Q: 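Pasting a structure below so you can have a look.
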Number of protein chains: 2
Amino acid sequence: MTNDPTPPNQTPEDASERMDIRTIARLANVSIATVSRTINRVSTVNPKMAKRVWEVIEKLDFVPNTQARALVSGRSKLFGLLISEITNPFFPELIQGFEEIAVEHGYEILISSTNHDPKRMSHCIRRMLERKVEGVAIMTFGIEEPLLEQLAKRKVPLVFIDVGPDRPGISVLKVDYHHGIRQAVQHLAALGHRRIAFVSGPKLLHSAQSRLAAYTKSMHECGIVPDPGWIVEGDHTLEGGVAAMGQLLAQDDLATAVLCSNDMTAIGVLHKLYRTGLRVPDDISVIGFDDIHIAEVTIPPLTTIQMSRFEIAKAAFDALQSQVESPNQLIGKREFNISTSLIVRESTSYPRGTMEHLRKKST
Amino acid sequence: MTNDPTPPNQTPEDASERMDIRTIARLANVSIATVSRTINRVSTVNPKMAKRVWEVIEKLDFVPNTQARALVSGRSKLFGLLISEITNPFFPELIQGFEEIAVEHGYEILISSTNHDPKRMSHCIRRMLERKVEGVAIMTFGIEEPLLEQLAKRKVPLVFIDVGPDRPGISVLKVDYHHGIRQAVQHLAALGHRRIAFVSGPKLLHSAQSRLAAYTKSMHECGIVPDPGWIVEGDHTLEGGVAAMGQLLAQDDLATAVLCSNDMTAIGVLHKLYRTGLRVPDDISVIGFDDIHIAEVTIPPLTTIQMSRFEIAKAAFDALQSQVESPNQLIGKREFNISTSLIVRESTSYPRGTMEHLRKKST
DNA sequence: GCCCTTTGGGAAAGCGTTTTCGTACGACCA
DNA sequence: TGGTCGTACGAAAACGCTTTCCCAAAGGGC
């Protein structure tokens, strides 16, 4: 008598107690199976009953428990998104697109940032595994073999940006860095630049290495043999850009243009130049990569190479989803191509002296 | 005979099949209860058995299923983070801090961005409810009453930045905007500015309104009656800043300094000024708010008001956690104070003519 | 040596869903 | 009217884990 489980004078609408589909079922005078079917709009349920069920659901504003649902259905409706650094504006812009698409398709997304630390990666993956993500989009450096093994064993679909192991269940978003970078180099060459420096990204980051390779190739294509001294290592941060430009400035034979592996670097470069008293683009031209939003309003507005965040987000999501929805097909393996292209703004111009030279020539 | 559920010659290590604590239990010759106790380091379990269990777990690298765990324990270990716009660098910096602390305490975090659209808010909340978040940090505009009701009914702890309803289970992070903004106004006044304009943030955003109020108050404190024309509405975006400065520029009696409700606005303002050919700080001074990372390298480096992202993240997390861990105590209701302070860089200086004026005066 | 206490570990209930399977009922045709 | 479907609904078994409850065995006091 001391504990009475159900007080008799309890109104049916009393929402203070536990609320599950069982409660809904009781109140609507149907079975829980019918409630489930109604909610999921699956199978055929008599419109009359459905209406009754919906009414109760709305009255109590019942919200189904995704965890329970996931447990039994084996579908967590969760994707992981692994990025290198959330404070680089490129990623928030990408996240925005990815989230939008994911939500549209009923997925939720778990974001983790490795902060360029390979050790953090395994923790992130582990956490995602615990939450039973159905797939992971990896937009950071390469993954180590044991980790990859673990993911493969669990058959978690993966999508890599740019570079990834060639295995079933793994998609790779191929970015055509070369196109945009060649345009950039050609643009500079057409303006008269020959000494074009390159500030690279982190060594570990595949996409950064690809950009570097594209630079070298494009230079050769323009008939310029890049001097090793023109290539300095950055780390895709503002500070890295400042430091890299400092290095460049210390050289005897100053480059007349600098191509940066990303926009953050370029902004750092712009700043260092400003500090040094050099004018952009009068004294030196600068080109970025990514076309982050803020590049439009730097001083001067940054000429940069655009790579569509939305395109990437969409491709990554599609790759993941197609593997989840049709796991035994190989269509998930198809490769996606992301294009890049130059956007000319105001940070590029003729190298110093060229104008005079041209003018003299024309008279 | 057509479907044989368990092939007889199956090695015990075969990890291809379902893996749960039952499997572990079987392989370690203990009960599933012991496995659970071992994993959770709860109650006393014989070290010898524990070792056996851990060995099996590691051999199969078993990862417990958080969903199942959440279902039975009623603890999802999930917090929601609702922000207004992920592409504003302030938020990623905040997310980074929040995530770090959350992960440290075993929580995962679900991020949603309302994009300044109140309608999206209810969708976000709904999704979070479905995932059974244990608390939500709301860093966007105010929440509407019915939504709040829904959350209150489910007893979901909430923490608001700056402004929020006064209810049990709701914490509010009070930001002392006035301190930083008064410093800014005093700084400008000391330099000789009187005509100090203010570019506000979105009307709906409480924190933006508080900043505006702090500006007005600070102006009066400095003995300046702000002209209504000095106050123009921005929206905390780059474009908003550009537009707002355009409005200001169109006025007859141009302000000599402009204080912005956030750094993105200030960067827009800087850009517009650059476009117009006005020099900062020679012709006009600019001050931002937030001290986002990039403010250090704008041209010129932005004088701005700093508000610690980490402090906010930590306070928000603590508020949420304390309410979760001790739900019936009132300690969750205590208020947290966040300070702001001026960081002087190079976008502020004497108003045009003042230097000459001063010089003349001193001779 | 007996009884009581303490301690470690197992059995089983339950968390909130989905989903399979079975059944009752109405419709349709002969 | 009787038989055969097809359809709509309910009962119950999972999903993988935590946690309560209980029992066995060991230890200690008399």
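If you're wondering where the values come from, they're calculated on a predicted model, not measured in any experiment. Labels below follow one simple rule: chain letters A, B, ... track the order of the sequence lines, proteins then strands, and each chain is numbered from 1.
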Q: Of all the choices, D:dT18, C:dC15, D:dC17, which nucleotide is nearest to the side chain of B:S36 once you look at every atom?
A: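 The answer is D:dT18.
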
Q: Take the protein atom CG of B:D20 and the nucleotide atom C1' of D:dC15, then report the distance between them rounded to whole Å.
A: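 Result: 9 Å.
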
Q: List the residues meeting ring-ring contact (aromatic ring centres under 6.0 Å, His included) with B:F317, not counting sequence neighbours, and say none if there are none.
A: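 Here the qualifying residues are B:F79, B:H105, B:Y107.
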
Q: Taking the side chain of B:V72 as its heavy atoms from C-beta onward, which of C:dG14, C:dG16, C:dT18 lies nearest to it?
A: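 Nearest listed nucleotide: C:dG14.
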
Q: Can you measure B:L129 atom CG to C:dG16 atom P for me and round it to whole angstrom units?
A: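 About 15 Å, once rounded to whole Å.
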
Q: Find the distance A:R69:CZ to C:dT18:P and express it as a whole number of Å.
A: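 That distance rounds to 5 Å.
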
Q: Looking only at side-chain N and O atoms, does B:N40 come under 4.0 Å of OP1 or OP2 in D:dT18?
A: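 Result: yes.
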
Q: For the backbone of B:M121 and the side chain of B:T114, can you confirm whether one donor and one acceptor N or O come within less than 3.5 Å of each other?
A: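 The answer is no, because no donor-acceptor pair under 3.5 Å joins these two groups.
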
Q: Taking C-beta and beyond as the side chain, do A:L81 and A:M139 meet within less than 4.5 Å on heavy atoms?
A: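 Yes. Closest side-chain heavy atoms under 4.5 Å.
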
Q: Measure the distance from NZ on B:K132 to P on C:dG16 and round it to the nearest whole Å.
A: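 That distance rounds to 9 Å.
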
Q: Whether B:E99 and A:R127 form a salt bridge (side-chain N of Lys/Arg under 4.0 Å from carboxylate O of Asp/Glu) is what I want to check.
A: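 Between B:E99 and A:R127 there is a salt bridge, with a charged N closer than 4.0 Å to a carboxylate O.
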
Q: Between the protein and nucleotides 7-11 of chain C, which nitrogen or oxygen pairs come in under 3.5 angstrom?
A:
residue: C:dG8; atom: OP2; partner: B:T44; partner atom: OG1; Å: 2.2
residue: C:dG9; atom: OP2; partner: B:N46; partner atom: N; Å: 2.8
residue: C:dG10; atom: OP2; partner: B:S31; partner atom: N; Å: 3.0
residue: C:dG10; atom: OP2; partner: B:S31; partner atom: OG; Å: 2.7
residue: C:dG10; atom: OP2; partner: B:T34; partner atom: OG1; Å: 2.5
residue: C:dG10; atom: N7; partner: B:R37; partner atom: NH2; Å: 2.8
residue: C:dG10; atom: O6; partner: B:R37; partner atom: NH1; Å: 3.2

Q: Starting at CD1 of A:I57 and ending at P of C:dT17, how long is that distance when rounded to a whole Å?
A: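 That distance rounds to 10 Å.
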
Q: I'd like to know if A:K314 and A:E104 make a salt bridge, using a cut-off of under 4.0 Å between side-chain N and carboxylate O.
A: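 Salt bridge absent between A:K314 and A:E104.
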
Q: Distance check needed: D:dC15 C1' versus A:L71 CG, whole Å only.
A: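 So the CG-C1' distance, A:L71 to D:dC15, works out to 4 Å.
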
Q: Tell me whether the side-chain N/O atoms of B:R18 come closer than 4.0 Å to OP1 or OP2 in D:dC15.
A: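 So the side chain of B:R18 is within the cut-off, an N or O lying under 4.0 Å from OP1 or OP2 of D:dC15.
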
Q: Go through the side-chain N and O atoms of A:Q323 and A:S171 and say whether any donor and acceptor fall under 3.5 Å apart.
A: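 Their side chains do contain a donor-acceptor pair, which is all the 3.5 Å distance test asks for.
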
Q: Let me know the distance between CZ of A:R22 and P of D:dA12, rounded to the nearest Å.
A: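 After rounding, the gap between these two atoms is 13 Å.
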
Q: Determine, for B:K59 against B:E55, whether the closest basic-nitrogen to carboxylate-oxygen distance falls under 4.0 angstrom.
A: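 Looking at B:K59 and B:E55, the cut-off is not met.
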
Q: Mind calculating the distance between CD1 (B:I39) and C1' (D:dC17) to the nearest angstrom?
A: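 In whole Å, D:dC17 C1' lies 9 Å from B:I39 CD1.
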
